Amino acid sequence: MVKVVLANTMVEVTGGQRQVELAVVNFRELTLQLLARWPQLEEPLQRSAVAIDGQIYQDAFAEPLDPKSEVFFMPRIEGG
Amino acid sequence: MAEAVEYKQIGTTPVRPDGFDKVTGRAQFGADVNLPNMIHGKVLRSPHAHALIKSVDLSAALAIPGVYAAISGADFPGGRLEGEAGGEGGGTMNDIAKNVMARNKVMYHGHAVAAVAASTPRLAEQALLAIKVEYEVLEPVLDVVKAMDPSSTLVNEENYTALPEKPEKPSNVANVGHLERGDVEEGFLAADVVIEREYKCPMAHQGYIEPHACVASIDERGRGTVWCSTQGHFEHRAATSKMLGKNMADLKFVATEIGGGFGGKTVVYLEPLATMMSEKSGRPVKMTMSREEVFRATGPSSATVARVKVGLRKDGTITAAKSWIAFEAGAFSGAPCMPGAMSIYAPYAIENFVVDTFDVLVNKPKVAAYRAPGAPQAMHAFESALDEAAQQLGMDPIDLRLVNAADEGTQAPYGPKFPPIGFKACLLAAKNHPNYTKPVPEGAGRGVAVGFWFNVGMQSSAEVNINENGSVMIIEGSPDIGGSRASMCLMAAETLGVDYDDVRAQVGDTESTGFCNVTGGSRTTFATGMAVTQACEAVIADCKRRAAMTWGVDEDQVEWEDGQAVPGPGVNADVKPLSLAELARKAGKTGGPITARASLNAQGAGAAFSVNFGDLRVDPETGKVDVLSFTAIQDAGRAIHPAYVEGQMQGGAAQGIGWALNEEYIFDDKGVLENAGFLDYRIPVASDLPMIDTQIIEVPNPSHPFGVRGVGEAPIVAPLAVCANAVSRSLGKRITDLPMSPPRLLDAIEG
């Protein structure tokens with residue numbers, strides 16, 4: 001099961017739940033399962049970056065995940 | 001994957017390719033573009049920090065002979081604009097449009113209200129005086145903490161705090177950031193020492209030497225070209241076309257040479273005005289800001305008020321940290337409150353923490369990104385608190401940080417576990433540095449602090465064309481602010497196995513190459529460099545195919561070594577290696593010109609950590625601070641061009657020292673900036689600073705073909721607290737408010 005940790009900004013949408021485990025094989029499946037459970041996450045997901053096993057993706061889409069993957073959502077950073 | 005390998009080109013320091021044109025005056029900056037029949041645009045700016053615009057009458061200005069166009073907010077298309085501007089805290093496109101030209105309300109002193117274009121700059125300025133504007137003056141909101149009070153006057157009655165559930169009432173708080181882990185109260189109970197203070201950083205300007213400038217030439221069909229000084233011409237094109245309701249395909253944007261940006265040239269100010277007035281007048285329009293306009297109306301950084309509490313055990317272990325930081329956004333949302341929250345504890349493994357940050361509207365210029373946006377202010381506070389804790393514990397400040405230092409596998413405060421990082425290596429290098437092991441000079445204090453920045457990847461494009469003689473032409477879309485053309489040439493030369501002198505790089509306009517995000521976020525050498533490397537690898541694959549065709553062998557029987565195709569081991573072919581030049585000469589017979597391109601959304605940027613220390617001495621009679629020595633140590637991953645990396649570290653240190661010691665926006669009680677010029681807003685000059693000593697640490701980023709981490713932003717983060725800690729130690733008194741200017745320090749000395 002892929003371990004998913006939501007950003008603090010998403011917790012109000014999920015009613016306080018910060019962490020879920022999902023049986024998915026790629027990032028697209030992961031986001032679809034999150035949206036099926038919490039439709040209000042759509043905008044926060046669009047505005048988030050994500051770290052998959054420590055590597056930060058500003059725009060993840062269909063990156064493969066394995067059952068031991070850890071996925072952290074986090075605010076997007078651009079810098080100056 | 002990056003490995004510890006020896007390179008032939010990477011790590012060398014050839015002379016910068018843009019240097020000759022710049023020192024001989026040939027380089028074309030934003031204000032150097034001149035066209036036939038060109039006229040000159042000027043902006044009328046608000047004399048009030050907060051006022052309703054009752055009416056704008058342009059007729060008298062338009063009646064002046066030689067005035068060809070005059071515009072106000074009413075000339076812009078109506079309706080709400082969707083999307084966001086590039087760069088950290090760029091803000092919404094809707095807000096940027098209103099920042100470019102006020103509509104029904106001016107939000108800060110200097111806010112653009114109208115613009116004219118006339119045959120000469122002087123006539124344009126005279127025409128501004130003929131524009132009649134009627135205002136209803138409102139109370140300005142100037143104090144960030146008072147602005148957060150629900151009873152405060154509102155800067156924008158339509159601003160609601162961005163929360164999942166829309167609040168019932170509007171507020172000056174636009175956005176909030178929050179991160180937490182563990183149980184802070186339990187952590188503080190476990191602490192032997194607790195430090196709790198309030199710290200302040202002033203609003204400071206990026207201080208780029210070249211003011212904003214552009215020339216727009218739009219024809220009768222509404223199509224044309226805009227030359228501008230920008231960190232991202234693609235995103236300037238997108239913003240301008242969106243604000244003016246134009247098809248972006250009708251506008252070509254050309255990035256001129258740029259005289260500094262540091263984040264402040266990621267957003268548009270003049271380009272939509274010049275484009276609109278060129279279209280109205282049928283003539284090219286040049287617009288250049290004065291230095292005063294740059295200070296009053298372009299992106300400073302956020303001023304902050306930070307309240308920090310940190311608890312530690314006797315061995316230096318941080319048991320808990322709690323922070324509250326209010327960031328001034330200026331008149332529109334976009335203060336870097338989230339990066340501030342994410343960076344404040346990033347260098348440390350802390351079990352219990354909480355941080356709350358706020359993006360707060362005030363009637364001051366809209367802030368823009370400034371190197372590592374949000375991190376200098378947030379880390380100034382926390383690094384100052386840690387220094388005071390080290391003093392109370394009697395610990396060396398580097399040892400205290402080593403006890404708590406994040407390393408590979410540490411879970412960052414913002415979520416993920418760190419991949420390989422160079423923070424501990426930087427701390428150990430600092431501890432052993434000869435500048436650190438020598439005694440502190442008499443009367444001086446030694447300050448230590450660390451810096452951090454995430455770095456980003458984002459979208460980049462590049463083409464590589466092989467000329468007929470085998471020389472290499474790179475076309476990329478990232479404006480070169482910090483020497484990226486040299487870095488691109490080095491990475492291409494290394495990949496192709498050719499000499500650096502045979503490679504040239506050019507920044508293409510928006511019609512010459514694919515989309516590139518802004519040059520910012522320390523991303524260009526990482527991301528655009530990755531695109532250049534991939535394009536070069538495609539060239540090599542093509543060359544191997546052509547060599548196979550020439551030799552009559554299979555493609556997989558050809559290898560590429562030292563810039564030439566060679567038969568692979570065991571290949572039974574009596575052939576001579578084919579160099580890139582030989583393949584290029586015969587390209588017509590093997591399929592035509594050799595060219596390749598790559599475009600990508602680069603992921604896997606590696607975080608940058610720095611450790612800085614310096615010896616500073618305060619003159620007790622005048623309050624003047626002398627920087628006796630300053631040392632900057634940073635993990636660059638892999639330094640493609642080490643001299644440029646050192647330049648970034650030295651430049652960032654100089655800007656950070658300036659912010660710590662002298663730079664600040666000073667407003668009167670009506671919100672008028674009182675020091676809008678370099679005489680009264682004092683950035684460091686060469687005689688103010690010693691040589692900034694540097695040491696580059698190289699812990700390669702495994703996500704980049706050469707191990708690159710961004711290097712441009714982290715250098716400005718640590719110097720603020722280095723200076724505060726050094727001055728505090730030299731005075732024997734904690735100084736919490738920046739800048740530590742002579743009058744402020746005299747007040748502190750005199751109690």
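This one's a predicted model, so the numbers in the text were calculated from it and none came from an experiment. Every chain is numbered from 1 and lettered A, B, ... according to where its sequence line falls, protein lines coming before strand lines.
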Distance, nearest 0.5 Å, that separates [atom1] of [X] from [atom2] of [Y]:
X        : Y        : atom1 : atom2 : answer
A/Phe72  : B/Lys417 : CZ    : NZ    : 6.5 Å
B/Arg181 : A/Arg18  : CZ    : CZ    : 8.0 Å
B/Gln603 : A/Glu63  : CD    : CD    : 6.5 Å
B/Met458 : A/Ile77  : CE    : CD1   : 11.0 Å

Heavy atoms from other residues, nucleotides or ligands near CD of A/Glu21 exceed 12 (cutoff 6.0 Å) =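 Counting neighbours around CD of A/Glu21, more than 12 heavy atoms of other residues, nucleotides or ligands fall under 6.0 Å, so yes.
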inquiry  = Within a 6.0 Å radius of atom CD on A/Glu42, are there more than 12 heavy atoms belonging to other residues, nucleotides or ligands?
reply    =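 Atom CD in A/Glu42 is not crowded, with 12 or fewer foreign heavy atoms closer than 6.0 Å.
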Proximal component of [X], with respect to chain A [non-hydrogen, under 4.5 Å]:
X        : value
B/Pro339 : both
B/Gln231 : side chain
B/Tyr414 : both
B/Glu84  : side chain

ask   = Going by residue number, which parts of residues 43-62 of chain A are within reach of chain B, meaning a heavy-atom gap below 4.5 Å?
value =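 Against chain B, the residues of residues 43-62 of chain A that fall inside the cut-off (heavy atoms, under 4.5 Å) are A/Arg47, A/Ala51, A/Gly54, A/Gln55, A/Ile56, A/Tyr57, A/Gln58, A/Asp59.
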Which of [options] touches chain A most, by non-hydrogen pairs under 4.5 Å:
options                                : result
B/Met338, B/His178, B/Gln411           : B/His178
B/Leu179, B/Leu163, B/Asn455, B/Val176 : B/Leu179
B/Gly520, B/Gly710, B/Ala372, B/Gly415 : B/Gly415

request  = Please identify each residue that fulfils side chain to side chain donor-acceptor pair (under 3.5 Å) with B/Ser478, with sequence neighbours left out.
outcome  =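 Listed in chain order: B/Thr528.
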ask   = Which heavy atom in A/Gly79 sits nearest to a heavy atom in B/Ala369, and how many Å separate them?
value =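 Of all heavy-atom pairs spanning A/Gly79 and B/Ala369, the closest is O-CB, 3.9 Å.
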ask   = Do the side chains of A/Glu78 and B/Val456 get nearer than 4.5 Å, heavy atoms only?
value =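 No - every pair of side-chain heavy atoms lies 4.5 Å or more apart.
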